[in-house]
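Labels below follow one simple rule: chain letters A, B, ... track the order of the sequence lines, proteins then strands, and each chain is numbered from 1.
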There are 2 protein chains.
Amino acid sequence: MPPAPHRRVTLGEVARAAGVSAATGSRALAGDPRISGPTRERVRRAAERLGYVPNAAARSLRRQATRTLGLLLVDLADPVHGLIAAGFEEAAAARGFTVIFVAGFNDPARERRALQLFAEHRTDGVALVSSILDPAEALTLIRSDRVVLAQADHPSLAGYGNDRPVGSIRSDDAAGAGATVRHLLDAGYREIGYVGAGPTASNATRRDAVLRALRDSAARPRRAFAAGRDGWRDGLAVARRIARDLPEALICYDDKLALALMDGLRACGLDVPRDVGIAGYDDIPFAACSNPRLTTVASPSAEIGRLAVRMLVGAIEGGELPPSVVLPVELVVRESTPGPGSIDYTQPRGGEVSPRRVTSLEPVGVAPGGGR
Amino acid sequence: MPPAPHRRVTLGEVARAAGVSAATGSRALAGDPRISGPTRERVRRAAERLGYVPNAAARSLRRQATRTLGLLLVDLADPVHGLIAAGFEEAAAARGFTVIFVAGFNDPARERRALQLFAEHRTDGVALVSSILDPAEALTLIRSDRVVLAQADHPSLAGYGNDRPVGSIRSDDAAGAGATVRHLLDAGYREIGYVGAGPTASNATRRDAVLRALRDSAARPRRAFAAGRDGWRDGLAVARRIARDLPEALICYDDKLALALMDGLRACGLDVPRDVGIAGYDDIPFAACSNPRLTTVASPSAEIGRLAVRMLVGAIEGGELPPSVVLPVELVVRESTPGPGSIDYTQPRGGEVSPRRVTSLEPVGVAPGGGR
DNA sequence: TTGTATGCGTTATCAA
DNA sequence: TTGATAACGCATACAA
């Protein structure tokens, strides 16, 4: 192997070394059957010897296709988005596609720049995960049959129709939220609150589904708390607000918030699940080993990433974008919601124990945003 | 805004629409001061009106530079790598660089394909995170002054010299491990074990530092457990092995393993920290809100990502790769290691309580790989 | 201040 | 079975 072929070798040089034309060199390396065995072998060897690496830019320019996919997500450091990204990258790599990632941090300006970037790079397909842009905006830069919206979060989309102008992947937020409520009711909880995050479509969908399911039930007073988009960063602050008027159980927008809130409640001297039950959403890996382990709705994050690739590649190679999909979710019942009667009080676990407040909570009029 | 300019507009068309040549169009959009104000404005408008988006491939081909960086990491779904990726992407975007990510999953074949991919795309710089390839191999495909190795994990690198052939970023594993040991000794722990992961350089470095610090101390018998590279996936299995011969405290290779192990120990009826103290490594976000909260070594993951970009961009724009760096780490003491005497036994917290076994543990002869 | 011509590295068309 | 040629879209050297 040569030490470090840094003046990049071109196909032409390889061809010359093999004593053929550039065209023949190209065909030989592409495995074109019209090229004779010996010639092919000579070219291969020359390429190997010279350390030839094809130039993707030149190839893309000529072929008018890049075999590149763009992925816009919120934050690579977020467990859910990390899983989606991992699924996406793996599926793309398996099909020979390169992936360009951009994190948008829920910032419209960054999301727009990401679209611009994808357009400049002529990505063959684009997936937008939890984008807060109006999907119509994406279509000004990306052709509609090469876009997949996953868990679209533009507030206007809370209505939840799947008649989007582009491909769409969702997990069934409403079903997951409903299943959580039913589980809690079955377990005997009656006062149930929802702890929301930012002003996104998925928060609105989950919150509304929770509140609707509660209204349709025998549940007693309930309430929605708004933790704000970054509530999970300060579980204690959220816990303090909630502890002033504690329901029997809390359904959190997602696991991140639920885990932070559990910690905050513990810091307030409250014990989960003895003093309050908690359920999350997503089933991130650490939900399975928290203490107590977290009841949550398993949303197939990695599969969403893989599916986005399958849909895009289907469109690229098949010419048509496959139909939109709503993925099923599954409730995973763990220790954090055993039911209000199921705790063995002979084995106290908490520190400072404050008696459960049983307050009358007013029913909720919910403003978009998770307000109280 | 036009509905969807999908037959991509070229610079030539924009120029024609503006009544100038392609060259003038190019210069106008590039803000070349030689172009008169009115002309520039006409070109800009034409570009806007036609929905012109420059073609990155053509530009790269012509400029012989791509403004693209490659990032190879182990797994996008891993919290530490997610943080590094997030820092990397953010820093790159801020400087106008596009990022291509590849996850290598500790698989040499995938890592090699990633290098090949970066080479084909003519990335201006490449960062390899926790790569298990021999660094020399990278240099056959990437020029050495455009590579940064972050937390290199090729087994041969355990020796820890920083005289690598390429740029290198490390956090100070040995210092972190040593600080953890000192903290545990100060807290009163005497029987301390190390729970290792795979056969990587960083595992070897941490393990050796722990064992060395123990040997140099008044600590009593100690032991190293090998959880294997994927031990954190089955905390219970690891816990069972360790529970048979439980030290007073365990230092884990990383937080993922520590959190899984805490859960496994709890499933075995053991209580952390009453029955055993636990320390992790990395300070991933959930280490701060586990129950008990995890003592750990804060390693600046996002900063590693940002620094990698700074070094590469320094090389690209300054011509020379900045010197290698060892980043300091910081011990974060939390609830999981209060010291063996500091638990209030009047407030039992565990379920089934097995009395601490106080066995004589043999000193460890450690094989590379986390021995025994 | 602007235009003309050229080439970046590939692949595809056409001809031999 | 192979070669000559052109073109993908852009930016620059040189000319005007």
Side-chain angles (χ1 to χ4, degrees), chain A residues 5-44 46-47 50-68 96 98 116 119-124, chain B residues 5-44 46-47 50-68 96 98 116 119-124:
Chain A
H6 291 151
R7 255 170 228 98
R8 304 258 54 148
V9 174
T10 70
L11 184 53
E13 305 179 61
V14 173
R16 186 150 6 101
V20 299
S21 72
T24 301
S26 173
R27 291 191 271 247
L29 293 178
D32 188 313
R34 297 175 304 183
I35 300 300
S36 74
T39 304
R40 178 150 54 210
E41 209 31 54
R42 247 183 314 132
V43 174
R44 270 202 213 297
L50 299 181
Y52 170 68
V53 179
N55 182 318
R59 176 176 286 171
S60 298
L61 190 58
R62 171 65 229 217
R63 287 213 185 128
Q64 296 291 78
T66 57
R67 288 200 78 77
T68 288
T98 303
Q116 173 78 19
E120 292 183 357
H121 281 267
R122 302 292 194 266
T123 52
D124 293 335
Chain B
H6 291 150
R7 256 171 227 97
R8 304 257 56 146
V9 174
T10 70
L11 184 53
E13 306 179 58
V14 172
R16 184 150 7 100
V20 298
S21 72
T24 300
S26 173
R27 290 190 271 247
L29 293 178
D32 188 314
R34 297 176 304 183
I35 301 300
S36 72
T39 305
R40 178 151 53 211
E41 209 33 53
R42 246 183 315 131
V43 174
R44 270 201 212 296
L50 299 181
Y52 170 68
V53 179
N55 183 318
R59 177 175 285 172
S60 298
L61 192 56
R62 170 68 227 225
R63 287 211 186 131
Q64 296 291 80
T66 58
R67 289 199 78 78
T68 289
T98 303
Q116 173 77 21
E120 291 184 359
H121 282 265
R122 303 292 194 266
T123 51
D124 293 335

Under the rule for side-chain hydrogen bond (donor to acceptor under 3.5 Å, both in side chains), what residues qualify as partners of A:T66, not counting sequence neighbours? A:D124
For the pair made of CG in B:L50 and P in D:dG9, what is the distance, rounded to whole Å? 15 Å
Apply side chain to side chain contact (heavy atoms under 4.5 Å, CB included) to residues A:T68 and A:R122 and explain how you reach the verdict. CA-CA 8 Å; A:T68 288; A:R122 302 292 194 266; over 6 Å; no
Taking B:A28's backbone N and O only, do any of them form a donor-acceptor pair with B:R40's side chain (distance below 3.5 Å, no angle check)? no
Does D:dT2 have OP1 or OP2 under 4.0 Å away from a side-chain N or O of A:T24? no
Counterpart residues, side-chain contact (heavy atoms from CB on, under 4.5 Å), relative to B:A17 (two or more places apart): B:A46, B:R49, B:L50
Closest-nucleotide 5' rank along DNA chain C - winner of B:Q64 and B:R42: B:R42
Rounding to an integer number of Å, can you tell me how far A:N55 CG sits from D:dC10 P? 16 Å
For B:T98, the side-chain hydrogen bond (donor to acceptor under 3.5 Å, both in side chains) test, sequence neighbours excluded, returns A:H121
Not counting sequence neighbours, which residues clear salt bridge (charged side-chain N to carboxylate O under 4.0 Å, His left out) with B:R67? List them please. B:E317
How would you list all residue pairs meeting salt bridge (charged side-chain N to carboxylate O under 4.0 Å, His left out) that involve residues 11-23 of chain B, not counting sequence neighbours? none
Determine the minimum heavy-atom distance between B:R8 and A:A119, stating which atoms define it. NH1-CB, 4.1 Å
My understanding is that only residues two or more places apart in sequence, or in another chain, count here; which of them pass side-chain hydrogen bond (donor to acceptor under 3.5 Å, both in side chains) with A:E41? none
Compute the bend angle of the helix from C:dT1-D:dA16 to C:dA16-D:dT1 from the end axes (five pairs per end), rounded to 10°. 40°
Using side-chain contact (heavy atoms from CB on, under 4.5 Å) as the criterion, list what pairs up with A:A47, not counting sequence neighbours. A:V14, A:L29, A:Y52
Restricting to non-hydrogen atoms, name the atom on B:R59 and the atom on B:P54 that form the minimum distance, rounded to 0.1 Å. NH2-CB, 3.4 Å
What is the distance, rounded to the nearest whole Å, between atom CG of B:L29 and atom P of D:dT12? 13 Å
When rounded to whole Å, the CZ to P distance for the pair B:R59 and D:dC8 reads 18 Å
According to the side-chain hydrogen bond (donor to acceptor under 3.5 Å, both in side chains) rule, which pairs have a member within residues 19-38 of chain A, sequence neighbours left out? A:S21-A:T24, A:D32-A:R34, A:S36-A:T39
Check every strand shown and say whether A:S26 touches a base, only sugar-phosphate, or nothing at a heavy-atom separation below 4.0 Å. base
List in numerical order all residues of residues 10-21 of chain B for which some heavy atom is under 4.0 Å away from an atom belonging to DNA chain C. B:V20, B:S21
First and last nucleotide of DNA chain C in contact with chain A, 5' to 3', at under 4.0 Å to a heavy atom: what are they? C:dG9 to C:dT13
State the CZ-CD1 distance between A:R42 and A:I35, to the nearest 0.5 angstrom. 10.5 Å
Hey, does B:S60 reach any base, or is it just sugar-phosphate, or nothing, if we go heavy atoms under 4.0 Å? nothing
Closest heavy-atom pair, A:A57 versus B:S60, reported as atoms and distance to 0.1 Å, is CB-CB, 4.3 Å
Are there any protein N/O atoms within less than 3.5 Å of an N/O atom in nucleotides 13-15 of chain D, and if so, which ones and at what distance?
| unit_1 | atom_1 | unit_2 | atom_2 | d |
| --- | --- | --- | --- | --- |
| D:dA13 | N6 | B:R27 | NH1 | 3.3 |

Nearest nucleotide by nearest heavy atom, which residue falls closer to the 5' end of DNA chain D, B:Y52 or A:I35? A:I35
